[in-house]
Number of protein chains: 2
Amino acid sequence: MNLEEVARLAGVSRSTVSRVLNGSSGVSPATRAAVESAVASMRYLPNQAARSLAGTRTDTVAVVVSEVHDRVFDDAFLTGVLRGVTSGLDGRRAVVAVNPPSVSDVDGCLVVSMDGHDPLPRGLSVPVVLVGRPLSGGLAYVDSDNLGGGVLAGRHLVARGRARVGVLAGPPDVAACVDRVAGFRRALGGSPPAGVVPCALTPDSGAAALAGLLASTPDIDGVFCATDAIAIGAVRYLRSVGARVPEDVSVVGFDDSVAATVCTPALTTVRQSAEDLGNTAAWRLVAELTGEQDLPQSIVLATELVIRESS
Amino acid sequence: MNLEEVARLAGVSRSTVSRVLNGSSGVSPATRAAVESAVASMRYLPNQAARSLAGTRTDTVAVVVSEVHDRVFDDAFLTGVLRGVTSGLDGRRAVVAVNPPSVSDVDGCLVVSMDGHDPLPRGLSVPVVLVGRPLSGGLAYVDSDNLGGGVLAGRHLVARGRARVGVLAGPPDVAACVDRVAGFRRALGGSPPAGVVPCALTPDSGAAALAGLLASTPDIDGVFCATDAIAIGAVRYLRSVGARVPEDVSVVGFDDSVAATVCTPALTTVRQSAEDLGNTAAWRLVAELTGEQDLPQSIVLATELVIRESS
DNA sequence: TCGGGGGTTGGGAGCGCTCCCACGGCGGAG
DNA sequence: CTCCGCCGTGGGAGCGCTCCCAACCCCCGA
């Protein structure tokens, strides 16, 4: 079934059907109605390949997921982003590629990456929008307000009366962690953290980092962790050495992962919406593809403090 | 850059380049080498749209994800499947669609669905492989050995000396849960469970279901839960009423989710590999697309008992 | 020596669509 | 009343590829 057949049924030409399908102006209402009814009655679906060949678009965008090796709690983030992206793509198709060598035949590209080194698919000259701020490079991106979230966490610990707080900062090459810690520092103002220690994104690494921190600074009464995964390790370590959470030490995480709600004690954390992130990134990309002008280079989405038992 | 240009550089015709690119026989080694070097030096990539239009394939498969409303712990499963699928697709492109009204222009379709009602995208007449056994219907599928996993869980509780076990069975329309419970019953043999209660896939529902079960059967010493999410609710409820886990009551979950490792006590559970599931399903679909004969209608992957603190 | 067949290669015909140009008819201005 | 311009429409060209058939060459057997 092709354009020609639809045209015949509607009593018009191929061109006119094409015009109607593409919503271009210059078709009389009567003709438009006739075509639409023919399309509906035949359940006609345009051949996407032919469209791409003849036209200048493919109506397909790539979603490139660059995997980190020690991903642990990122699954919910990824599915959230993906869900948001597919719903924000406005009819375009999403080709998903994990660690792709190259991507071609797409109109645009969304890149979801944990680390700051943007691993752009090579040989690609289409608009790109990143999900998550890159550490460098002038690419458009959409990100959660990690800085603001860090501020929320900092104010919260201050409000709880915690005066000697440690920070488990995560990897220095993950922009989200860097921003969170920066926000946290800002909230503390004149009284800086008692110690800031980098670590990997795993509970074990968080536990080890906190052990190191406590060795040099035993009288800590609060810990801010760049991610929930790290926080879970921190809580585990604190309890293993007999410290009570939150009575002796308050712990705050970041992400509001499922794990944060089921661990004991349930984690106070900062919530971000992965789905909104994906949806917004898709919207931003589509806007660029449709030729919209004056688009913001970066978009930052609000975060929210969720107070539970650990603080 | 197109076939013609490559042909010119290689000093052959369009047809010959096409033959080389498609790996068809009947090309002399010398010619083949010349073409391959031309392709490499130009970094030529075939236009996918033109290929689809002229040929009979699109080299694209749809990955249809049908979302359930009360998904809670499924994110890791989904990303695992997706990861496996993309790596098993052997160069084909994966178009991901979440709850799509319709899908077209694909060679085949993978459907990831929690519930047993297979929500096939309509108007689709291509090979389909399901990830997870459907409750009905003769479609090809790949699934974890949920039955075998249930047996493992049952034997384990028997070995632990648990004689009065309850089962939180999950929804009756989720094939995976049905199978897990069936396997569990089989392992118990002549001494059936003290009670089997359906519930939703959330901790809260699990807690509520267990509360109901304990009301009628207070002397239970073991609980098998169809998923980890349910098990986490069960553990929470048991502790809330003062029962010790595992001293008083053993609890076994299913999925080996991240939450199972971070909750207290860490859950004994049955592990399945979502990535293998996706990879195998992709392989099965590709095999069918390439015309392979005598393919198995269903493929079942092994599961594994993981013993932790809750039993 | 000649004819037949197999192994290679080239070129034409489309796939179904979009884009562009040309054409016809109608209304308003001169 | 005539001319111009615009709106609505039709049809040709061509996107880059695959498929098919014809052409060619070379080697073999008769």
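We name chains A, B, ... by the order of the sequence lines, and we start the count at 1 in each one.
Atom CG in L3(A) sits about 13 Å away from atom C1' in dC19(C), given to the nearest Å. The CZ atom of R57(A) sits 9 Å away from the C1' atom of dT18(C) (whole-angstrom rounding). One can place CG of N47(A) at 18 Å from P of dG14(C), the figure rounded to the nearest angstrom. Rounded to whole Å, the distance from CD on E5(A) to C1' on dC17(C) is 14 Å. Computed from coordinates, the R14(B) CZ to dT18(D) C1' distance equals 9 Å when rounded to whole Å. Distance, R32(A) CZ to dC7(D) P: 15 Å, rounded to whole Å. In this structure, D59(A) places its CG atom 10 Å from P of dT18(C), rounding to the nearest Å. Spacing between atom CZ of R51(B) and atom C1' of dC15(D) amounts to 16 Å, rounded to whole angstrom units.
Projected onto DNA chain C by closest heavy-atom contact, V12(B) and A50(B) fall at different nucleotides, the more 5' of which corresponds to V12(B).
Side-chain N or O atoms of D75(A) include none that pairs as donor or acceptor with a backbone N or O of D75(B) at under 3.5 Å. Side chain of T31(A) to main chain of V27(A): no donor-acceptor pair is present (N/O by atom type, distance under 3.5 Å, no hydrogens or angles).
Using a 4.5 Å cut-off on side-chain heavy atoms (C-beta onward), Q272(B) and F77(B) make contact. Residues V95(B) and V63(B) have side chains not in contact (no heavy-atom distance under 4.5 Å, counting atoms from C-beta outward). Residues R51(B) and N22(B) have side chains in contact (heavy-atom distance under 4.5 Å, counting atoms from C-beta outward).
Using a 4.0 Å heavy-atom criterion, one finds that S15(A) contacts the bases of the nucleic acid, with or without backbone contacts as well. Contact annotation for T31(B): backbone-only contact, meaning every heavy-atom pair under 4.0 Å involves sugar-phosphate atoms and none involves a base.
Residue R19(A) places a side-chain atom within donor-acceptor reach of the base of dG10(D), judged by atom type and a 3.5 Å distance cut-off alone.
Within the 4.0 Å cut-off from OP1 or OP2 of dT18(D), at least one side-chain nitrogen or oxygen of N22(B) is found. One finds a side-chain N or O of T16(A) lying less than 4.0 angstrom from the OP1 or OP2 phosphate oxygen of dG10(D). An OP1 or OP2 oxygen of dT9(D) is reached within less than 4.0 angstrom by a side-chain nitrogen or oxygen of S28(A). Distances shorter than 4.0 Å separate none of the side-chain N or O atoms of S18(A) from OP1 or OP2 on dC19(C). Between dC15(C) and N2(A), no contact under 4.0 Å exists linking OP1 or OP2 to a side-chain N or O.
The side chain of S13(A) lies closest to dG10(D), out of dC17(C), dG10(C), dG10(D).
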